[in-house]
Amino acid sequence: MVITSVLARGQTVARSGLSTAVEKPLETVLAVVGLLIAGDFVVALLVTGGLGFAEVGQLAKNGLMRGLVIGLAGVGLSMTYSILNFANFSHGDYITFGAFAGWGVTYLVAGFGEADWTNLLLVGAGGGVYGAQLGISITGTPLAVVVGLVLAGATTAGLALLVDRGIYKSMRDAGGIPLLITSVGVAFALRYVIALSYNQSVRGTTSTDIPTYQLPAIDGTIGVNAHDLVVLASAVALMLGVHFLLQRTKLGKAMRAMADNEDLALVTGIPTERVVTWTWVVGGALTGVSGFLLVLWRETINFRIGWVLLLLVFSAVILGGIGSIYGAIFGGVIIGLTLELSQIWIPTDFARASAFALMIVILLVRPKGLFAGRSTA
Amino acid sequence: MTTADPTVEDSEDEPTLKLEVETAELSAVPLRVEDLEKRFGGITAVDGASFEVERGTITGLIGPNGAGKSTTFNCITGFHRPDAGSVYFDDEDVTGRAPHELARAGLVRTFQIARELGEMTVMENMMLAPKNQSGETLWRSVLPGTRDGVRDQETVNLERTWRTLEFFELDHLWNEQAGNLSGGQRKLLEMARVLMTDPKVVLLDEPLAGVNPSLEARLLEHLHELADRGYTFLLVEHDMDVIMEHCEHVIVMHQGKVLAEGEPAAIRDNEEVIDAYLGEDV
Amino acid sequence: MSSGEPAEADPLDRLRDSDVTLIVGGLAALYLAYVLVGIVAGLSPRGIFATITQLTLLITIYAMLTLALNLHWGYTGLFNIGIVGFMAVGGYTFLMVTMPVAEPAARSAGGLGLPFVVGLVGAVVAAALLGFVVGLPSLRLRADYLAITTIAMSEIVRYFYQSNAFQEVELGGILLGTGGGSGLVGGYTTPFDTYVYDAGWFEGVVEFVDTTFQISGTLGPNIETLFDALVLVVVVVGFYWLLKRTGESPFGRVLKAIREDEDVAGALGKDTGRFKMKSFMLGCALMGLAGALYVFFQLGNTVNPTVFRPRLTFFVWVALILGGAGSNTGSVLGAALFVGVLFRGPLYLKNAIENLVEFPDAPDTVAGGLSGFLSLDPVPFIAFLFDNMGSLRIILLGVVLIVLMKRRPQGLLGHRTETAAAVPLVPVETATPSSVAGSDGAEATDGGRVDTGQVDNEGVDGGGEGS
Ligand SMILES: Nc1ncnc2c1ncn2[C@@H]1O[C@H](COP(=O)(O)OP(=O)(O)OP(=O)(O)O)[C@@H](O)[C@H]1O
Ligand SMILES: [Mg+2]
């Protein structure tokens with residue numbers, strides 16, 4: 001009796017498993033691939049020893065850092081995507097703008113009196129001034145870094161607002177696609193205004209001497225430097241701040257309402273233009289800060305860092321679900337980890353390709369993202 | 001009226017005869033709906049509706065706002081997948097089929113809010129509709145050898161389009177972008193377009209809103225002619241006079257269910273129906 | 001050009017509205033401007049000639065891409081921003097098919113050693129297949145999701161070609177490969193070398209031109225470019241013909257309907273998924289062909305992955321929006337304007353002005369330029385901008401795109417209606433006079449286009465009191 005009922009249950013399970021496999025072939029294949037990778041990972045780590053804990057840990061730490069920066073930029077993108085209903089292709093260049101504006105201030109504070117102030121403000125565009133020479137780091141020049149970080153956010157918020165007033169405001173009813181195309185124009189113009197102002201060279205921004213701590217991992221150590229900690233702390237603090245803003249304040253509630261349904265928000269008397277303004281301010285500030293942190297973390301700057309990051313930010317946002325704040329952060333971390341950990345299996349050339357592939361897959365099987373239905377929460 | 005008859009495919013080919021052969025193959029009940037259910041989140045828009053539509057009739061589908069009439073249309077024509085229940089077209093279960101498959105089989109609909117193809121001319125809107133256009137195959141349209149055939153078919157369709165436009169009094173707008181039409185004109189265009197597909201069963205969702213009375217009368221007369229020839233119509237209409245005067249059979253929906261059905265006179269006197277309308281403040 | 005025009009239409013209007021006139025006129029104006037600027041600035045005739053031939057070459061490539069994109073976006077409403085990915089596949093496939101088979105001892109990859117035309121066919125087929133693979137799951141997505149999917153796909157394609165992993169791949173005893181980061185160099189004798197550039201007749205032409213114009217040195221290379229450009233002009237005419245026929249047909253009508261409202265097309269019995277896929281694959285195939293021709297004619301039969309950055313995709317978009325999405329004529333004109341005015345224009349102008357006036361040394365940074373304003377001297381700033389014309393033109397391009405989207409989203413040519421039908425959609429003379437009251441036959445047949453958004457509502461809403 002027991003046996004037959006177990007058998008019967010097993011059969012139904014098998015049958016339902018089979019029928020889902022038939023109904024959703026793509027999902028099934030993906031699940032199988034995912035399991036294989038996970039299995040291989042565990043076997044290599046624990047059984048064959050083909051992978052070291054320290055090695056994986058280092059990759060994971062790098063992935064987390066990258067992911068937090070991408071996630072932070074993603075929160076900004078996600079907010080404007082859901083509240084204003086368009087994919088902003090100039091978002092990447094907002095990141096770049098924040099990075100240059102913030103680092104200009106950092107240079108100025110750190111190197112005041114040591115070099116021509118205009119050259120400092122232009123992040124050494126005139127040549128002869130480098131971050132290493134100014135000894136910039138969170139421990140060496142804490143004030144410069146903090147002031148730069150804050151101003152990166154402030155100036156980018158200002159820029160985002162300015163662009164909105166000058167360009168997007170009169171296009172509110174134009175629909176998502178015309179706005180998207182317009183934002184491509186903004187992206188080109190902004191990127192090359194930056195190139196014109198700060199020039200096109202790649203330059204180092206930080207001191208070569210940043211305090212590093214070695215965290216013990218079973219078979220070695222994982223290096224974590226002070227700037228990793230700054231990225232971690234800033235990202236976590238800002239995310240908590242956004243969470244508080246959205247959950248606890250009237251403005252945040254209005255934003256969530258608008259993300260859900262703009263027409264409804266209009267009817268219920270939420271002052272939408274004010275919400276739009278704050279969306280750009282908050283989103284822009286987070287984006288600018290993410291640009292600053294990106295440069296702090298990777299230690300170099302150039303006029304295309306944001307543009308190159310843009311698709312990864314989109315990936316994060318789509319992965320988490322457009323409009324979801326936690327989704328963006330979660331998506332960012334997943335993308336960051338994918339970029340780094342994929343190196344275990346495939347050549348580094350394909351790290352980005354694998355992140356994009358992940359995004360495409362999510363778009364196909366779960367276009368609402370992993371955090372679907374919880375917009376701006 | 002025969003000169004302006006829009007549904008005659010080719011006047012030289014004795015179309016009436018052809019049509020009768022076609023309709024003879026049709027079931028007496030070309031459209032049947034059983035226990036149809038459709039939910040949107042918490043709302044049950046259609047809640048176990050069942051009804052039949054007989055061949056050659058103009059059947060009215062009425063009910064207060066939000067009764068689920070449009071949702072029923074959407075479920076029948078494949079725009080929504082019903083959560084439960086079945087749709088039978090010509091005695092065949094067609095539940096969940098794609099709209100284009102149903103339309104090709106002869107089950108078509110119009111939309112409550114007219115959906116004109118805004119940046120296409122009225123003429124292009126109409127020319128889109130005919131079935132079996134050989135030129136819809138890419139290579140036939142492009143290759144020099146086959147394009148002549150496509151052209152011939154276009155000429156035939158064009159003539160029919162023109163006569164239909166004349167009948168619907170849209171001919172003066174022939175070269176206008178459909179997006180520039182008035183609300184009433186759009187409804188007319190939509191109805192004219194759908195008749196160009198040689199349908200068997202036509203679901204019309206408030207097709208007469210915004211149409212002037214004299215044209216409305218002529219259109220209804222035309223529907224009767226078509227019904228007599230074997231076409232079947234399911235008509236959603238809020239104007240009770242139209243329903244009473246022109247429908248052989250009336251189905252009343254209320255809160256997603258079929259509340260009553262029968263002859264117009266019986267429906268008019270049905271207490272439940274009156275209550276349903278009064279309760280909804282219509 | 002106005003031969004055989006029916007008498008009733010205003011011939012001037014007809015001429016203005018004729019597509020060929022528009023394209024030829026637009027190009028002529030562009031070339032004239034180039035020549036005039038060159039003459040005024042005292043550029044050498046050889047320089048002007050070289051500029052114009054190269055300009056033509058680039059315009060033709062962009063025209064092909066814009067026409068293909070117009071099929072996607074202008075006709076079908078498919079938001080493809082992965083153009084460069086299809087080009088890359090076309091370009092690489094072309095070279096990998098046509099390059100000679102690698103010697104057994106060779107250290108770098110060769111190709112399949114197949115004829116030139118097979119290479120082009122390969123490019124078309126490969127790009128169409130990629131279109132199929134990308135389109136199969138993604139064409140049902142929302143426009144913005146399709147956009148992100150296609151651009152991500154194009155980046156994946158670029159990383160694929162950039163990677164060293166497929167630099168050399170042994171396939172059935174043949175050493176194939178993408179060349180990785182350094183790309184591929186054709187380096188073989190093409191049919192063009194054999195039958196044109198190195199052929200006696202061509203050398204004769206060059207000699208004739210050289211002796212006629214008596215310019216120091218030979219114009220040979222420039223005449224080669226001119227020849228290439230003319231070949232590509234023929235290809236553009238082919239693209240135009242194909243796409244015009246595609247658009248002006250029942251097939252094109254369904255595409256337009258899908259663009260306007262996919263549900264309506266479905267409700268009328270059109271299998272929209274199939275139509276979208278056909279349109280997408282055809283456009284992708286053409287992009288692949290354009291990619292192959294780009295590699296062969298513009299890049300000198302070499303290819304490397306950095307060519308296929310996403311900005312090229314957006315350039316094509318700017319060209320399409322400039323000319324007016326939905327119009328094949330607009331696409332060609334848009335490509336010409338984009339290349340001639342926005343892309344190459346600023347650099348040519350810079351060249352010309354430098355030939356005319358001696359600019360003071362430009363400051364290194366924008367700060368140096370701006371500081372001039374302190375002493376009310378704009379020259380350093382202007383010199384700085386001038387010195388950075390390469391960046392400035394991209395800024396200009398972005399601004400033009402923004403202004404277009406705000407002021408004239410329908411493009412410079414406006415809502416040109418390229419009627420989607422294989423026969424002219426004009427009123428039919430019905431044998432019996434219309435029995436329908438209220439319709440105004442005379443007015444309907446005069447062929448006048450209604451330009452305003454105003455429609456006379458008479459006859460329907462107005463109750464037809466007028467009649
Ligand atoms: N796509 C949808 N999503 C959510 N709810 C819907 C949707 N479509 C319809 N509904 C709801 O389903 C119910 C039935 O709507 P339906 O449009 O079918 O009514 P109707 O009888 O056509 O009304 P009317 O006479 O106003 O056209 C309504 O409460 C409506 O709000
Ligand atoms: Mg309704």
Side-chain angles (χ1 to χ4, degrees), chain B residues 1 3-4 77 79 98-100 103-104 108-109 111 115-121 123-124 127-129 131 133-138 141-142 147 150-151 154-155 158-159 162-163 166-167 169-177 180-185 188 193-194 197 210-215, chain C residues 242 245-246 248-254 256-257 259-261 263-272 275 278-279 282 326 415 417 419-423 425-428 430-432 434-441 443-444 447-450 453-464:
Chain B
M1 205 56 69
T3 51
T77 51
F79 282 86
H100 74 263
R104 251 187 243 165
V108 295
R109 58 91 56 89
F111 295 92
R115 290 171 76 167
E116 76 292 345
L117 303 164
E119 286 198 20
M120 293 170 75
T121 63
M123 210 68 132
E124 284 176 304
M127 291 286 286
L128 176 70
K131 278 199 266 197
Q133 298 194 43
S134 66
E136 285 179 5
T137 316
L138 178 55
S141 277
V142 171
R147 193 167 163 96
V150 170
R151 255 208 214 99
E154 291 268 272
T155 309
L158 179 63
E159 187 166 335
W162 184 248
R163 273 182 286 143
E166 282 183 329
F167 181 82
E169 297 180 5
L170 290 169
D171 49 340
H172 64 295
L173 297 166
W174 63 281
N175 202 24
E176 188 56 67
Q177 302 268 305
N180 294 339
L181 267 52
S182 74
Q185 290 164 340
L188 285 175
R193 199 171 60 189
V194 96
T197 64
V211 176
N212 81 58
S214 68
L215 182 55
Chain C
L242 175 69
R245 267 173 111 96
T246 305
E248 292 177 357
S249 77
F251 178 81
R253 201 152 59 216
V254 178
K256 257 182 147 179
R259 177 192 75 192
E260 294 298 314
D261 190 332
D263 281 349
V264 169
L268 293 172
K270 315 301 176 192
D271 186 350
T272 54
F275 281 97
K278 283 186 188 174
S279 160
L282 176 60
H415 282 291
T417 41
T419 307
V423 294
L425 292 187
V426 292
V428 179
T430 32
T432 48
S434 166
S435 62
V436 182
S439 76
D440 203 337
E443 194 183 276
R449 224 170 55 192
V450 185
Q454 275 162 15
V455 179
D456 108 73
N457 288 342
E458 188 192 358
V460 179
D461 288 337

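Here is how names work: the chains are called A, B, and so on, in the same order as the sequence lines, proteins then strands, and each is numbered from 1.
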Revision key, fill the gap. Taking every heavy atom of C/Pro250 against every heavy atom of B/Gln133, the minimum-distance pair comes out as CB-OE1, 3.6 Å

**Study point:** Largest heavy-atom contact set with chain C, pairs under 4.5 Å, which of B/Lys131, B/Glu124, B/Glu116, B/Met123
**Key:** B/Glu124

Practice item. Mind checking salt bridge (charged side-chain N to carboxylate O under 4.0 Å, His left out) for B/Arg193 and listing every partner two or more places apart, or none if nothing turns up? Key: B/Glu190

Check your understanding: Quick one: NZ on C/Lys256 to OG1 on B/Thr121, what's the gap to the nearest 0.5 Å?
Key -> 7.0 Å

Check your understanding: Could you give the distance from CG (B/Asn175) to OG1 (C/Thr419), rounded to the nearest 0.5 Å?
Key -> 6.5 Å

Point to revise | Nearest-0.5 Å distance that lies between atom CD in B/Glu136 and atom NZ in C/Lys270 | key: 3.5 Å

Check your understanding: Between the side chain of B/Arg151 and the main-chain N/O of C/Val423, is any donor-acceptor distance below 3.5 Å?
Key -> no

Review point. For B/Thr197, which residues count as a side chain to side chain contact (heavy atoms under 4.5 Å, CB included) partner, sequence neighbours excluded?
Key: B/Val108, B/Ala129, B/Pro199, C/Leu268

**Study point:** Interchain contact, B/Glu154 with chain C, by part (heavy-atom threshold 4.5 Å)
**Key:** both

Study note, to complete from the structure: Shortest non-hydrogen pair, B/Phe111 vs C/Val264, comes out as CE1-CG2, 4.1 Å

Review point. Top residue by heavy-atom pair count (under 4.5 Å) with chain C, among B/Val150, B/Leu138, B/Leu158, B/Thr155?
Key: B/Leu138

Study note, to complete from the structure: In terms of heavy-atom contacts, B/Ser141 and C/Ser249 come closest through OG-CB, 3.2 Å

**Study point:** C/Arg253 (side chain) donor-acceptor with B/Met127 (main chain) under 3.5 angstrom
**Key:** yes

Check your understanding: Quick one: of C/Ala421, C/Ala422, C/Gly252, who has the most non-hydrogen atom pairs under 4.5 Å with chain B?
Key -> C/Ala422

Check your understanding: Of all of C/Thr246, C/Asp271, C/Leu282, which one pairs up most often with chain B through heavy atoms under 4.5 Å apart?
Key -> C/Asp271

Point to revise | Top contributor to chain C contacts, counting heavy-atom pairs under 4.5 Å, from B/Val142, B/Thr137, B/Val194, B/Thr77 | key: B/Val142

